[in-house]
Q: 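So that we are looking at the same thing, I have put the structure below in structure tokens.
The structure presented is a predicted model; accordingly, all values stated were derived computationally and were not measured. Just so it is clear: chains get the letters A, B, ... in the order the sequence lines come, proteins before strands, and each one is counted from 1.
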Amino acid sequence: MDMSKTYSPKEFETKIYEKWEQEGYFHAQPNADKIPFTVVIPPPNITGQLHMGHALNQTLQDSIVRYKRMQGYEALWLPGTDHASIATEVKIIEQMAKEGISKEDLGREGFLERAWAWKEKYGNRIVEQIKHLGSSCDWDRLAFTMDERCSKAVREVFVKLYEKGLIYQGSKIINWCPCCKTALSDAEVEYTEEPSFFWHLRYPFADGSGYITVATTRPETMLGDTAVAVNPTDERYIPFIGKTLILPLVNREIPVVGDSYVDKEFGSGAVKITPAHDPNDFEVGLRHNLEVIRVMNDDGTMNEKAGEYCGLDRFEARKKIIEDLEKCGALVRIEPHAHNVGHCYRCHNSVEPIISKQWFVKMEPLAKPAIEAVRKNRTKFTPDRFSKIYFNWMENIRNWCISRQLWWGHRIPAFYCKDCGHITVAKEDPTACSKCGSKNIWQDEDVLDTWFSSALWPFSTLGYPDATADLEYFFPTDVLVTAYDIIFFWVARMIFSSLEHMKTVPFKDVLIHGIVRDAEGRKMSKSLGNGIDPLEIIDEYGADSLRFSLINGISAGNDTRFSKEKTEGARNFMNKIWNASRFVIMNCEGNKVPDITECKLTLADKWILSKLNAAVRSVTLNMEKYEMGLACASLYDFVWSDLCDWYIELTKPVLYGGDEAKKSSALGVLVYVLKSALKLLHPFVPFITEEIYQNLPGTDGSIMVSPFPRYNGKQSYRKEAASMEAVMEIIKTVRNIKVQVGAAPSKKVQLNVLTADYAKAIKACSVYIERLAGVSEIVFIGSKEEVTGKTVSHVLPSCELFIPLGELVDTDKEIARLEGELEKVNSEIARANAKLNNQGFVAKAPKALIDGEKEKLVKFNEMKEKLEAQIKEFKN
RNA sequence: GGGGGCGUAGCCCAGUUGGUUAGAGCGCUUGCUUGACAUGCAAGAGGUCGAUAGUUCGAGCCUAUUCGUCCCCACCA
């Protein structure tokens, strides 16, 4: 045996992972003899490195996959990474800026070369980090959203949707990030409320007959105003509809139009209309045939339509325009106002709603079946409440802007004909226009939203669009595990994409987990500097400690806090497992270890087997419900309290005693229970369990492919377990009494037992009581009169205990203590009586419950009598 | 404006379909070199489960209202 005295994960984690890989345990392939179980990884972005959120996400998936694999499923966990179009491009540009180069310096091709190099470096790093966590991914299938296979799927889907009319090109108001210089989808905009102002402006009538006051939060857009709208039922304004206003600063004539979009109650009841810079205004513009004047460039500066403000940055322009409006008397007043400002989710600069020609996916026809599928539970959210969030989004979904003015990503497969203007969209790059045959064609410069390819992930990684054996066998996948923050970005889009292209849901279950926060409950973020690197934690405490601390006690969908203290606790637990195993293995050395079926089971053996059995059931039930937190908690309790604190202690007198047969039998049970516990633990803490398993006698192969324990009805041993617990109760009581009278724990005492039903069990367990409670001898008495001298007594449901302690006994304290006990018993009697006297309870409660109460009442009444007798005795 | 989470011991959290005397961990108190482990062992203290009302024989759990707190969604200029 070469196990070190303390758990030191560094000595074995890497070695074990390499072994697993070499043995091919992670690999899965279609196997007619097995039921598949498939999980696809939420592909981490290649932008950076693993954070705690990934660590949690990985641990949850790995525990599920390992559990299923041990249960005999052909378990596939398909790994991969995401090119993360905009996020990666932003990072690369940042890196280039440090070197003083811009995108334009490199050109598209040069830039892409650099991007691929980035992918190579950071993609590999992520993979390495995932391996450190112990994730049992099938690395033979490592995928990347821009690899050949996924790109083929993207192309296929784009063409299909285009041909179906579900992808179209159009000029609409989109969210524009002037910093990233690209369009964004609605989901990519984050709104924050910021203190700002309402600028109330006065637009005069052309005929000099007065003015209309409008308010705006973005005064610079007034340069592009092409109307003022009022509600057609608003009596204040009806006479003015159709009249002409002079737009200040610009001196353009603009009409007053009536449109029901305007809320009469809000502000002045008149709205300036800027069709090029506001989605609502754009709609109003369409209805009234208004001119669309875009006054801003892609980089956020004002363009030539902005006249003298041309070239100014949008915020400078705002300042100047306000000044000028004030000068010319058009600024009526400034009112403080909290404004909801949209920000780019990648660079966090404020986005501009701007009119732009982009590609869109028509969502309504896709959303409908996606709503149905979840409504009919073909895909089930855990916890269920997230389906509401999903419905809410899907039901109010708007068309998806999928084109991005970036270089890193899947280039849009649309080819424009310079001669006839026709757009050719095809699976293979065309050499000529499909309409006029001209060779004078060029490909769209833009790339697709990164989420367009992630949406296909569950099937593109398995071979779509080809009808592969993998796809046939492993799809649809079983569970998708992800945090709630990408339900819209990813989960929802996978569902409608799969329904459209695969005609089925992409996964049966979605397990939503929360976010990992810091010890104070704050979100971990770079700007706060409160992020904790999982690798550092692994280095210090081991991967198993990290994994266990992340999922022990968590509940689905809820956020969790991470702290070193928790990891320390988990590490201590690992150490506990380690040392308990060391104890077992040490004792096995040089001894024959029989199979559990050959063991002559003692009361203690049956008790631990019943506890093990309960743990198996708890873990299994909770795993099926994706309650990994509860599964872990029940294992923690079983291993630490039942196995270590009690059972191992109970075996010591046997192991250190001289009876070889008993010793051998105890070893058989110990090894069996430990081995089972290790298997139960393995999905959560794979490394330590494997390392110990390899050292345990009677094991061969890897624990990760050994069968998972199953609930065994024959091992419930309810009666025996109850007897054993009665004995344990006696041990606790004796310990307690010693503390109360101030006797040293090592002081041996004589224990007198008065019992009717438990003599046999207590006799069988006398050696345990003697050793664990520090008892010199156990005397069975027929009545309490047999005990002489000053005694401390205690009433248990199973028996009465009398311990002669001579001078240590303080009569007054004893009376007080017994009276305290009596009080408790009395209140229990009162409670039980109240229940049993309640007609409703007796009439309606289940019989077992009523019987239980009756039994308790009898028991407590007996105890009451005994206590009263003892108190009386003391008082004499 | 809509939707949701959370509120249980000093702290951080569990609590499965309503049913024993509401549980862990950390922290705290007291004691212990008990031949696996001081990353330990033993014994303890500590909770009117945010508030109110209701449903029920029975509520931490279900319903309504309410307070506090966090989050998501939404084009009111």
Side-chain angles (χ1 to χ4, degrees), chain A residues 3 5-7 173 186 191 198 214-218 229 261-263 265-274 278-283 340 342 353 383 385-386 388-389 392-393 396 484-485 487-488 514-515 519 521 541 545 552-555 557-561 563 565-566 568-587 618 621-622 625 627 629-630 633 636-637 640-641 644-645 648-649 652 655-656 732 735-740 742 744-746 771-772 774 824 827-828 831-832 835 838-846 848-850 852-853 856:
Chain A
M3 290 176 71
K5 194 176 168 186
T6 49
Y7 159 69
I173 299 281
D186 296 334
Y191 289 89
F198 263 140
V214 296
T216 180
T217 52
R218 293 194 296 156
Y261 150 69
V262 180
D263 181 354
E265 311 300 322
F266 190 82
S268 65
V271 186
K272 65 189 257 328
I273 299 298
T274 324
D278 181 280
N280 293 308
D281 293 7
F282 182 76
E283 296 299 320
N340 230 3
R385 66 183 134 94
F386 289 101
K388 271 185 231 163
I389 293 174
N392 185 48
W393 190 72
N396 298 296
Y484 55 71
D485 55 351
I487 292 176
F488 306 140
I515 287 183
Y541 297 97
S545 306
N552 183 32
I554 62 163
S555 62
N558 288 353
D559 290 351
T560 174
R561 296 188 191 195
S563 67
E565 287 69 32
K566 276 191 193 173
E568 245 165 61
R571 189 270 320 269
N572 294 352
F573 182 48
M574 295 307 112
N575 190 58
K576 193 74 185 174
I577 296 169
W578 184 261
N579 274 291
S581 306
R582 215 159 62 91
F583 172 82
V584 173
I585 293 165
M586 270 166 58
N587 280 287
S618 167
L621 289 177
N622 283 312
K625 288 186 290 187
E627 291 280 8
L630 291 179
Y636 184 94
D637 192 49
W640 202 313
S641 310
C644 294
D645 290 344
I648 284 183
E649 293 306 320
K652 282 179 180 175
L655 293 179
Y656 300 150
K732 283 192 211 170
R735 285 168 173 170
N736 187 335
I737 285 170
K738 283 190 184 177
V739 170
Q740 291 201 13
S746 54
R771 184 180 168 101
L772 270 59
K824 274 189 218 162
S827 79
E828 284 307 314
R831 195 193 49 78
K835 275 200 167 179
N838 183 331
Q839 287 308 309
F841 178 76
V842 178
K844 292 184 181 175
L849 212 62
I850 298 169
E853 287 300 326
K856 262 186 277 175

Q: Within this structure, what is the CG-to-P distance between A/Asn392 and B/A74, rounded to whole angstrom?
A: 9 Å
Q: Just the rounded figure in Å: distance from P of B/C75 to CZ of A/Phe266.
A: 15 Å
Q: Taking atom C1' of B/A77 as reference, at what distance in whole Å does atom CD1 of A/Ile273 sit?
A: 8 Å
Q: A/Asp186: which residues meet the side chain to side chain donor-acceptor pair (under 3.5 Å) condition with it, sequence neighbours left out?
A: A/Asn175
Q: In whole Å, what is the span from the CD1 atom of A/Ile487 to the C1' atom of B/C73?
A: 12 Å
Q: Summarise protein proximity over nucleotides 4-19 of chain B in one line of letters, 5' to 3': B for base, S for sugar-phosphate only, - for none, counting protein heavy atoms closer than 4.0 Å.
A: SS------SSSSB--B
Q: For A/Phe573, give me all partners under ring pair (Phe, Tyr, Trp, His ring centres under 6.0 Å), at least two apart in sequence or on another chain.
A: A/Phe548, A/Tyr636
Q: What is the distance, rounded to the nearest whole Å, between atom CG of A/Asn340 and atom P of B/C76?
A: 7 Å
Q: Which part of the nucleic acid, if any, lies within reach of A/Val214 when heavy atoms closer than 4.0 Å are counted: base, sugar-phosphate only, or nothing?
A: nothing
Q: Does the side-chain ring of A/Tyr656 lie flat on the base of B/G35, meaning centres under 5.5 Å and planes less than 30 degrees apart?
A: yes
Q: Once you apply a heavy-atom cut-off of 4.0 Å, does A/Ala843 come out as touching a base, just sugar-phosphate, or nothing?
A: nothing
Q: Base contacts versus sugar-phosphate-only contacts with protein, heavy atoms under 4.0 Å: please encode nucleotides 39-48 of chain B as B, S and - from 5' to 3'.
A: BSSSSS----
Q: Report the distance from atom NZ of A/Lys5 to atom P of B/G35, rounded to the nearest whole Å.
A: 11 Å
Q: Which residue lies toward the 5' end of RNA chain B, A/Ile648 or A/Asn280, if each is placed at its nearest nucleotide?
A: A/Ile648
Q: To the nearest angstrom, how far is A/Glu265 atom CD from B/A77 atom P?
A: 16 Å
Q: Going by the rule salt bridge (charged side-chain N to carboxylate O under 4.0 Å, His left out), which residues pair with A/Lys566 if we only count those two or more places apart in sequence or in a different chain?
A: none
Q: Show the numbers, then the answer: is there a side-chain contact (heavy atoms from CB on, under 4.5 Å) between A/Arg571 and A/Glu568?
A: CA-CA 5 Å; A/Arg571 189 270 320 269; A/Glu568 245 165 61; 3.5 Å; yes
Q: Take the protein atom CD1 of A/Ile850 and the nucleotide atom C1' of B/U20, then report the distance between them rounded to whole Å.
A: 14 Å
Q: Output the distance between atom CD1 (A/Ile173) and atom CG (A/Asn280), rounded to the nearest 0.5 Å.
A: 9.5 Å
Q: Toss me the dot-bracket line for RNA chain B: Watson-Crick and G-U wobble, both under 3.5 Å, 5' to 3', using | for pairs to another strand and [ ] for crossers.
A: (((((((..((.(.....[...).)).(((((.......))))).....(((((..]....))))))))))))....
